[in-house]
Structures are given as C-alpha cells and as structure tokens.
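Since the structure comes first, as structure tokens, the remarks are kept for the end.
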Amino acid sequence: MHDLARHLCDLAKQRGAAFADVRILHRRSESILVQDGRADKLAAYADRGIGVRVLVGRCWGFASADSLERSRGEQCVQDALALARASEEFVSDPAMIADAAPVVAEDRREPQIPNGAMPVKEKIARLLEYEHRGRAVGGDAIVNSIVNYSDGIREEVLANSAGTLVRTASARAVTTCMFVATDGQILQRGTEHRGILGGAELLRQVQPDDYSVRAAEKALALLKARPAPAGRFTVIFHPSITGLLVHEALGHNAEADGVWAGQSILEGRLGEMLAPETVSIYDDSTIEGAFGSYAYDSEGTPSRRRPIIEKGRLVGYLHSLETAAKFKASPTGSGRAESYDCRPIVRMSNTFMERGAAAPEEMLRGVDRGIYLMDGHWGYVFVQKGQFICHAGQARMIEHGQLGDALRDVSISSMTLDTLKKIDAVGSDFEMKMPGMCGKEGQSAPTDCGGPHVRVGDVVVGGHAAQ
Amino acid sequence: MTSFSYLELCMDCTRKAVGLGAEWCDVAAGTGRDIAVSIEKSGIKTADAGQGEDVGIRVFIRGGMGYASVSGRDPRDIDEAVRRAVALAKEATPDPDFKRLPAPDPAPEVEGLFDDSVAGMSVEDVVRIAVANIEAGKALEPEVNLSGHVGLSVGEGALASSTGVAMETRGTDIFADIEALVKHGADTGFFYDFDFGRRLADCRLDAVAASAVRGARRFLGARRIKSGRMALVLGPLASYGFLGGVVAAANAESIQRGRSYLCGKFGEKIASPLLTVVDNGLVPRGVRSGAHDGEGTRRRPLTVIDRGVLVSLLHNSYTAGKACTESTGHGTHAGGISPTNLRPALGTRPASDILREVKEGIYLESGELRADPASGDVSVSIDFGFLIRNGELVHPVESAMIGGNIFDLLARLDAVSSDAREEPGILMPTLRIQDVQIAGAE
C-alpha cells in the first residue's frame, strides 16, 4: 500500500500540487449488544479506501474513493487538483503547510488479545455476566439492561510529498452499559463506559463490581433522589465533570484551526493568566493504553504531551501542519482524520487537569450551600461565545460543609473564562475514565478526559425548582 | 448514475446468505457521490469530493440477528461480509419475539426526491453558491466572520430480502449551513441558518448567510437574567427539536423494553389538547420522504399525538411482530426506528399574537429542549434565547437554563401558531409553554 501512496503523492506533485498527502486506510470492527439477558445484535463492519489532499496555489482540494485500486487513486488525485483549482480564486485566507522534517516510521500497537482471538461466545458470556451482576443489584426494579461492546483495528498508511511515510496499526475496544430502574412511578437510568487503546483484554480488565454494578446502583439511587434546585451555586466537580470542563470548555477553544478562524475565545490570549496558579491543563496522546492515545497523527507527526494551561497561564494551542504554519508554531501531532474520506482537522486526544494539593474531602468546608456534581454524561460548547454546557448524571446537595440529599441528573451552563477564574480548589486526586467519541465537523475521534475534584464558586445550575 | 445493478447485487447476497443458513435476510446496497465546499473566515477554505459504495447484510437465525457492512464493491469483501453476517446470527441468542421481515408491498416512489439539476451540478456551481453567500453576508456586515458548508449528495440504492422485497431508490440532497460571528468591540453576536432540500428549486441557498448575519446581529448585547418561573416561547427551530424529541420517545422498542418516559402512556393524555403531531414520510419532495422504510415496509402518514393523546408508536418489523401489530414504516435497515417528516397541526393565531401576550418570558430561537429519555427530566441551556417583556424581545440572554419535566412542559403548552417555518416535508410552528422554571446568573 505504501508504494501506491508514494506514487499518488508523486503524481499530484507532477501535476502541479505544492503539497500532497495520501491516506490509505483499512478498518475492521465487530460489536455485540446484550440486552435483557440475550445477545441481541451482533455486527461486523469493514471499510477501506484512499483519501488524497492537495494544496494548489492558495487552496486545498480533497477527494476520496472506497477502493485501493491504482486507477481510483489516480482519479482522486485528478479530482482533488480540479476541486482546488475551481475554488482558488475565491480564497481569502491562503492555505499553508508547515515545513516539517519528513518522518519515516512504522508503529504497530498490537492488542494483548489479537483481534478475533477471543471467540464471540466468550465475549458474549462476559457481557452476560456484567449484565447479570448489575441486574442482581436491583432485582425486579431493573426493567431494562443493555451492555454493549465493540473492538476493532485500524491500519493506516500516510505519505506526503515532503517524504513522510508512516505506517500505523492500532486497536481500540470499548464497552458501555445502561441499567434502567423503576419504583413504579418514575424511570431512572445509570450508565458506565470503559475503553482502551487495545483489544478484548478490556473484558478481562473490567470487573463487574467496578462497572455494571456501579451503573445499576446509580439508577437505583436516582429513584430516591430529588430534583435539583435552579440558580447560582458554589459547585464541586467530580473528576468526570472536570474532564468535561477541560475538554468542552477549554480544549475545543485551544484547537488552533478554530483560533485561526477567529472562532475561539482564546484568540490573542497566549501568555495570559486565565486561571489560578493551581490550574494546569494538558492534552497528551502518549499515555499508554489510554483511549485517546496514538503514536502518529493523521499527518505523520509524532504524538506528544501538549501543555495548554500551565500554572494558570495559557501557553499553547493544539496544532496540525497547517495551523502550525499559520501561527509559526511547531506541529503538535493533533491533525486527526476519522477515516480515509475525511480531511485531517485539529483534535484533542486525552485532555486533563493536573492534580493539585487540596484533599477532596476538605473542599466541602466553607461551602454553606452548594452542589456536588458527579457522573459526567455529556457536554458541548459554543467556542464563538465561550459558553459551555455539561450534564451530570448524579448530584448531591452540600449544606453547611456536609454532603446532603441526593439530586437527580442536572446540567450546568457557564462561560469558559469566568469559570476558569472561579476555580478556587484543585484536588489531590485524579481520575480519567471518560472514553468517548468527540464530534467536530462531522468527524468523530476517540478521546478521553479527566482530572481531580475541583471547586468552582458560582455556576448556574439548571434545576427544576427555585432555591 | 451508474449502470451497475445494486438490486442484482442485493438479490445475489440474499441468495448466498440463505444458502449459508440464513432463515431471514435482507440486503441494502448503494452508492453516493458528495461535493462539499467549506467556508472559513468569510472565504472559501476547501473543496472536497467523495464517492463511495456500501453493502449491508442483515441475517436472522431463530430470531437472533447478525449484521455486516462493507464498503466498496470487491466481490471477495462482499462474500466475506455475507459469511460473517450468517456466522454472527448463529452466535446470537435465539429471540422468539422476532416474527418476520416485511413482505413485498410495492408502491410508487414519492414524487420529487431526485433532481437532475442537483445531480448535474459541478463543483464550480457549488462554489458559486458559497461565494454568493459570502458576498451577501459581507454586504450586510463587512467585518462578519462567516463559516460553514455548501454541498450536495447524489445517491442510488436497492433493497432485497428473502421475503421477495426487491426495490430500487435514488435521491438527491442539497444544503447550505452557515454560521455568522459579528463582533462589535468586546460584544459578540453569533447565529446560524440553513436551507436544504431534495430539489434546487425548493431552496434559496444563496440567502442563508444574510439570514445568519441578521440573526447574529440580534444576539449582540446578551445579558444575564434573574431566576424565576415564566412563559417559554419556542420559535420554529426550537419547537422542531422539542417535538422531535417527544416523537422519538414514542419509539416502540424503547417502550417495549421499558426504558422510555412514554412507557404506559399509550392511549393516555400526555400533552395539552392543542398539540397534534403527524409523522408523514410521504410528503412530496420531503427531506425524510420515501415510499418505503429501510426494511421495505410501505410508509403511511401516522398521527402520533392527537389533541394531546399519545395515539401511535413508531414501529419497525421487529417491534410490530412482538406487539402483534403492523409496522408503521419507521424501520431502519440496521434494525433501528426513526421518525420521518414531522408536521404538527397548526393553531389559529399567528406567532406574533402569541408573543405579544407574554408579560415576562423567554423566547427560545433555537436550541436543544430535550428530556432525559428515561426520566423525562429536562435540564438544558438557553443557547439562543431572548428575554421577553410586555410582548417584546428585550435582549438576548446568557448563562441561563431551563429546568422541569417533559410532562409538565407538554401540559402547560397553551398556544400553537397558525404560521410556521416550512422546509421540504417539515412544518415548524411557534409554541408557547406557561410557567417554566428558568435559572439565571444575575
């Protein structure tokens, strides 16, 4: 495949491209859905193809085909050149590419249990065990249970006209579970997710007590919880909510393509103090086995740890080859493409806040009335406005420095820069267990996020009733 | 389009699967061609094109389901996918609730789903639409930062099954979605707009940026508000998301499995009598229209909520078999259930009258107002909203949220407008809900 990739780069160059890169990708995965005691849906997916990106004059062109045939690849080169030429006269912000040294490398991350080596029957048995253990916690109160698992491998060849040739193979496995419980009046659900850069060994690593049992217990606890109050509160974030904060509120704003496009509240703020000195935030794709890790990005740049905020100060953005050229910065290995039919765009990997010095239990002290937000579910951000939203699956009231009533799931909304400044305690603990697929411009990328417990003064909580 | 017969490919795969032991099988295959031009910083950023084919094979053995999909048209890959789908179905747990796949029920294709003028567009044509938008946006606001996409897709496909379903479809889609960011000093206004359709003549694609810019200007000067209970008026875009969430909760599988807040509500009053919502996949030129669903079941208009009462659930062949009823034609080929074009019944007074009566409230121009699918609890951000005072929009709001429960919101709905935004197949009226908890940051 690498000969074909090199040939297509050369062809693009011969036909007038100032720069070209070619991605040849092959993905295979399988999934199992266990529901209400049965292995309900078993599925297999495979795709392969070629993506060709060219820089002609001032514009990019991109074309893809779901075939590894030489003639289809050559047609992609032709199409990509024509697309760039058709658009070039209307470009107001000329495309650029960093003058990075060529990288020639191969990296194969074989899972401990190779793809397909664990029989489907064994996987099903393990998933049914997870489900059974979760159901046993709630008995008849559990009305629906789902345990999902998928694993897959991704083989990629990346070549560019500067001489880069990177061959990678990586595997990922992920499992999610959901238990729905009822007291006869209302329904509540509890979920858990686990994911690794690896294979079916995930099913041996994840123990029911720390996974499905926890999810079922959450659903049952929520049946007894009351709706959260509405208004402004001092809040304490569980590490999963801290993860959503650093990913949604800060991380997306630190993606340099958005910064360059004038769509980030971090534009022009490099070097500024954005948070107290106790706050440091990193994006790191080198963490062994973490769901968002990789050896090389989709442009062939080696993986690395990327400081975003250090001791409260904004110190860097996440860069692709293009944004590095525009900002006269070093590429950070953050150019990721979901598949062969996608252009690389700037993405996060594993994003986290570093642990601080405060003992988590001490954070409650001095909070007269607040809310402890747990079980990060989801979040999103409007980078243009600097507004973010996080949803917590569970919460607890804080009254006079003590944890009080259990609260149902609730969302918070705030402005990124305000929230960072209002962090007044960073915990000495750390957890990163939020594997998921991050969406941007129609592409999804595996990421993880986390951090310590964090206390923030004054956040708007979207509860049901007045304080 | 291509001269290759996807129907023959589907029928061939079905025969092979049955030969390998499939008791029931259906196969969908097709090809698509896409062009997308992206806009960034009020200029053209890139032009992308892609062409792909895929085949999806679904097999049932003793009710257990195996599914395999593969891209491209390599016969070895496709044969392997057929074998894998059969092998996985054999591994799945037998499911006595599975009854049958749909029988053939031919119907003429809905009119207006394919447009030669879209299929014949070149990348230069798409670039011209993008440039027209940029120019129109900048004419209104020279310093505006526009971003977004203009694109099209042209597809054809087929579905065949072991029950004798054999059908071919083709369609076109064209769209523009553009975001506008306006900065006046430290103040930021941001909004978006879009247009889409099956046919070029149904769209005004070059007017999207100007609309987005006008919207962005309106969102300058956002301010915090106090918490309180007040009226909530949902503009057309917000009402579409709100009603879409309720109809999606009427998914029969979620209800049969006991995980939807609509469990036990079939035939019950769930909303104000002012609310009637029809799901109609047969609207000519509709973006979600088609004579059949993804399993080959013939579609028909379906009243989901009738004057506040939940009168229908959305079924595919599996859930219909389990409930001993007919599929409503909402099945997807991968086994899911999906709504089509939503058409709420309109009220008697225009949106302007409904707004004018509000003494204090929030106008939600756009944004997710969705409930937790199990509990029905609502806790969402007001992403694009205004404070209403004495019938007028006073200013945009920031850092404010809506809390409550879906049934309270549906019961307190007291107005549906007589006018609505219409996109091909879809109607989006204005709704008003009284006495909603708003959390503010002031």
Side-chain angles (χ1 to χ4, degrees), chain A residues 36 38-49 59-67 79 82-84 86-87 90-93 120-121 124 143-144 180 186-189 227 230-232 261-263 341 343 382 384-385 387 389 408-411 413-415 460-466, chain B residues 37 40-53 64-72 77 81 84-85 88-89 91-93 95 123-124 127 131 145 147 181 188 190 227 257-259 261 263 335 372 374-375 377 379-381 383 398-405 437 439-441:
Chain A
D36 297 338
R38 286 203 289 255
D40 248 16
K41 290 172 184 163
L42 281 65
Y45 306 90
D47 67 347
R48 67 175 98 193
C59 192
W60 291 109
F62 179 82
S64 64
D66 57 356
S67 163
D79 290 347
L83 288 159
S87 320
F90 304 107
V91 169
S92 56
D93 178 32
V120 172
K121 273 188 174 47
I124 291 173
V143 291
N144 181 221
V180 180
I186 59 168
L187 295 173
Q188 290 290 350
R189 60 191 181 129
R232 295 165 61 180
Q263 304 247 344
D341 56 354
R343 285 179 294 118
F382 291 98
Q384 303 87 348
K385 300 194 284 183
Q387 176 196 346
I389 294 90
R408 290 189 197 170
D409 59 307
V410 68
S411 297
S413 172
S414 196
M415 307 304 280
V460 179
V461 176
H464 289 207
Chain B
V37 171
E40 185 178 290
K41 278 183 133 171
S42 301
I44 301 295
K45 159 85 171 168
T46 180
D48 298 356
Q51 179 142 23
E53 296 171 293
M65 181 182 135
Y67 179 86
S69 81
V70 61
S71 69
D77 288 347
R84 198 68 197 134
L88 290 173
E91 299 274 9
T93 314
D95 186 349
V123 66
E124 286 83 357
V127 168
V131 170
N145 185 340
S147 58
L181 181 62
T188 297
F190 171 69
S227 298
R257 299 285 188 177
R259 61 172 178 258
Y261 61 75
C263 286
D372 180 276
S375 67
D377 285 344
S379 177
V380 299
S381 165
D383 295 333
E398 74 170 32
S399 296
M401 305 197 72
I402 301 165
N405 185 274
Q437 179 65 51

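Because only heavy atoms are used, hydrogens play no part in the values below, and waters and symmetry mates are left out as well, while side chains stay in. Note on naming: letters A, B, ... go to the chains in the order of the sequence lines (proteins, then strands), and numbering restarts at 1 for each one.
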Subject >> Region of A:Val143 that comes under 4.5 Å of a non-hydrogen atom in chain B >> reply: both
Original post:
Which of the residues B:Gly64, B:Ser381, B:Ala68, B:Gly50 is involved in the greatest number of heavy-atom pairs with chain A at under 4.5 angstrom?
Top reply: B:Ser381
Original post:
In Å, rounded to the nearest 0.5 Å, how long is the span from CD of B:Glu91 to CG of A:Leu42?
Top reply: 7.0 Å
Subject >> Minimal non-hydrogen separation, A:Gly462 against B:Ala439, with atom names >> reply: CA-CB, 4.4 Å
**OP:** Identify which of A:Asn144, A:Val410, A:Asp93 forms the greatest number of heavy-atom pairs closer than 4.5 Å to chain B.
**Re:** A:Asn144
Original post:
Could you give the distance from NZ (A:Lys385) to CG (B:Leu181), rounded to the nearest 0.5 Å?
Top reply: 11.0 Å
Original post:
Should B:Asp372 and A:Arg189 count as an ion pair when the cut-off is N to O under 4.0 Å?
Top reply: yes
Original post:
Using non-hydrogen atoms only, which part of A:Ser67 is less than 4.5 Å away from chain B: side chain, backbone, both, or neither?
Top reply: neither
Subject >> Distance in Å, A:Phe90 CZ paired with B:Ile44 CD1, rounded so as to fall on 0.5 Å steps >> reply: 7.5 Å
Original post:
Considering residues at least two apart in sequence or located in another chain, which fulfil the salt bridge (charged side-chain N to carboxylate O under 4.0 Å, His left out) criterion with A:Asp79?
Top reply: none
Original post:
Do any N or O atoms from the side chain of B:Ser379 and from the backbone of A:Ser411 form a donor-acceptor pair under 3.5 angstrom?
Top reply: yes
Original post:
Who among B:Gly403, B:Ala441, B:Gly52 has the most heavy-atom pairs with chain A under 4.5 Å?
Top reply: B:Ala441
**OP:** Below 4.5 Å from any heavy atom of chain A, which atoms of B:Ser69 appear? Answer side chain, backbone, both or neither.
**Re:** both
**OP:** Work out which heavy atom in A:Gln263 is nearest to a heavy atom in B:Ser147; give both atom names and the distance.
**Re:** NE2-OG, 3.2 Å
Original post:
Taking the side chain from A:Asp66 and the backbone from B:Glu53, do they hold a donor-acceptor pair closer than 3.5 Å?
Top reply: yes
Original post:
If you count heavy-atom pairs under 4.5 Å with chain B, which of A:Gly262, A:Ala65, A:Cys59 comes out on top?
Top reply: A:Gly262
Original post:
Considering only heavy atoms, which portion of A:Phe382 lies under 4.5 Å from any heavy atom of chain B: side chain, backbone, both, or neither?
Top reply: side chain
Original post:
Okay, side chain of B:Asn145, backbone of A:Ala261: is any donor-acceptor separation there less than 3.5 Å?
Top reply: yes
Subject >> Most contacts with chain B, counted as non-hydrogen pairs under 4.5 angstrom, among A:Ile124, A:Asp341, A:Asp47 >> reply: A:Asp47
**OP:** Could you look at B:Arg84 and say if it's the side chain, the backbone, both or neither that has a heavy atom under 4.5 Å from chain A?
**Re:** side chain
Original post:
Say you draw a straight line from OG of A:Ser92 to CD of B:Glu40; how long is it, rounded to the nearest 0.5 Å?
Top reply: 9.0 Å
Original post:
Side chain, backbone, both or neither: which part of A:Arg408 has a non-hydrogen atom closer than 4.5 Å to chain B?
Top reply: side chain
**OP:** Could you tell me the separation between the CD atom of A:Gln188 and the CG atom of B:Asp377, rounded to the nearest 0.5 Å?
**Re:** 6.0 Å
Original post:
Which pair of non-hydrogen atoms, one from B:Leu88 and one from A:Ala43, has the smallest distance, and what is that distance?
Top reply: CD1-C, 3.7 Å
Original post:
Is the backbone N or O of A:Arg48 less than 3.5 Å from a side-chain atom of B:Ser71, with the two atoms forming a donor-acceptor pair by type?
Top reply: yes
Subject >> Part of B:Val70 within contact of chain A (heavy atom distance under 4.5 Å) >> reply: both
Subject >> Per-residue contact mode, B:Asp383 against chain A (heavy atom under 4.5 angstrom) >> reply: both
Original post:
Between A:Asp40 and chain B, which part of the residue has a heavy atom less than 4.5 Å away: side chain, backbone, both or neither?
Top reply: both
Original post:
For B:Tyr261, is it the side chain, the backbone, both or neither that has a heavy atom under 4.5 Å from a heavy atom of chain A?
Top reply: backbone
**OP:** Let me know if B:Ile402 has heavy atoms under 4.5 Å from chain A in its side chain, its backbone, both or neither.
**Re:** backbone
Original post:
For A:Gln387, is it the side chain, the backbone, both or neither that has a heavy atom under 4.5 Å from a heavy atom of chain B?
Top reply: side chain
Original post:
Where on A:Ile186 is there a heavy atom nearer than 4.5 Å to chain B: the side chain, the backbone, both, or neither?
Top reply: neither
Original post:
Considering only heavy atoms from C-beta outward, does the side chain of B:Arg259 approach that of A:Leu187 to under 4.5 Å?
Top reply: no
